[in-house]
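First comes the structure, then the notes that go with it.
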Amino acid sequence: MALPPRLTDEQRLKALEKAAASRKRRAYIKSELKSGSLVIDNILELSKTDEAVANMRVRELLESLSGVGKVRALTLMERLEISPTRRVKGLGRHQITQIRNEFMKSSHAISPGKLLVLSGPGGVGKSTVAKKLREVGDFWVSVSYTTRQPRSNEVNGRDYHFVSHEVFQTMINNGEFLEWAEFAGNRYGTTQDKVEQALLLGKNVLLEIEIAGAKQVKAHLPQSILVFLEPPSWEELVSRLEGRGTDDEVRRAQRLELAQAELDAASSFDVVLVNDEVEGVVQKLIELAS
Ligand code: 5GP
């Protein structure tokens, strides 16, 4: 028998970290199943994008459902001819349908949350609206990845995940992004897994992104609602962009030119809102998600 490959210390550490993260995720999924916050249908959906869920044993999963103990789980697996060691990712299409039918009779899936995509020209005030919405509305707001340098008032992990070009490229190669785009010389992207998880958990999700990315989201998830935020006037937008102390002159000029082109995109959005008053816009977004 071939010997297993020898790992370096670094590789061993990485493998241990990955295993610990998977264990934590599985424990979380099981507790959500027990409490009824998640139902089997949510898990079968999650397993398409979440490696830790895909690798869970079917038996573990069934036993975690409220009202299903070891005996019922095993009996059911025998009846459906699922081997006791089978993992979720190894389930056949027919078996998935049978499990769904078995449990959907007695439980109801959480209805998925709504996905609002807030877009519009740079400088129109999207991030102010998103911040306010996070404070007052029941929304999960996605934190994007970017290759841009942090501004002085920005915090890594809160405003953005600031990453190098190399890391961003690896994430593209790994298919981690729901959408990504280049804007004024930098890349920005939204990761897929967290957005899908939040929606499956029934949360309303807000993405605050530029226009090309918004269109990608619509192409992947047609149920998303694209909201275009317009400035009260062009003059107002110019003064907001010029007043930005955080960008240098070249960057401001680039952004103005871009903003002109971006304003033309409003017609391809589902909803257009004029940002004359932040509270009013936030209220309308809450209404759109209800
Ligand atoms: P800023 O550099 O001013 O923070 O953002 C520049 C532009 O990138 C803004 O229009 C902002 O909405 C957009 N943006 C932020 N995050 C993302 C993202 O994840 N994807 C896309 N496509 N655009 C984003």
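As the structure lists them, so they are numbered: ligands from 1, and atoms in each ligand from 1. Side chains are part of it too, since the values below use all heavy atoms of this structure and drop only hydrogens, waters and symmetry mates.
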For ligand 1, which atoms, with element, lie under 4.0 Å from some heavy atom of Arg151?
1 (P), 2 (O), 3 (O), 4 (O)
Donor on one side chain, acceptor on other, Thr146 and Ser144, under 3.5 Å
no
Have a look at ligand 1 and work out which part of Arg255, if any, has a heavy atom under 4.0 Å from it: side chain, backbone, both or neither.
side chain
Using a 4.0 Å heavy-atom cut-off, say whether Gln149 meets ligand 1 through its side chain, its backbone, both or neither.
neither
Say whether Glu208, considering both its backbone and side-chain N or O atoms, lies within less than 3.5 Å of an N or O atom on ligand 1.
yes
In plain terms, say whether Lys218 and Asp270 are close enough for a salt bridge, that is, a side-chain N and a carboxylate O under 4.0 Å apart.
yes
With nothing but distance in play, are any N or O atoms of Tyr145 less than 3.5 Å from an N or O of ligand 1?
no
Does ligand 1 have a heavy atom under 4.0 Å from the side chain of Phe183, from its backbone, from both, or from neither?
side chain
Salt bridge Arg252-Glu257, side-chain N to carboxylate O under 4.0 Å:
no
Show the atoms of ligand 1 that are less than 4.0 angstrom away from any heavy atom in Glu179.
18 (C), 19 (O), 20 (N), 21 (C), 22 (N)
Phe168/Phe177 aromatic ring centres below 6.0 Å:
yes
Go through ligand 1 atom by atom and flag the ones less than 4.0 Å from a non-hydrogen atom of Arg148.
1 (P), 2 (O), 4 (O)
Contact atoms of ligand 1, heavy-atom distance to Ser144 under 4.0 Å
16 (N), 17 (C), 18 (C), 19 (O)
Which ligand 1 atoms does Ala181 reach within 4.0 Å, using its non-hydrogen atoms?
22 (N)
Between Gln98 and Arg79, do the side chains contain an N or O donor and an N or O acceptor separated by less than 3.5 Å?
no
Give a yes or no on whether a salt bridge exists between Lys34 and Glu63, defined as a side-chain N under 4.0 angstrom from a carboxylate O.
no
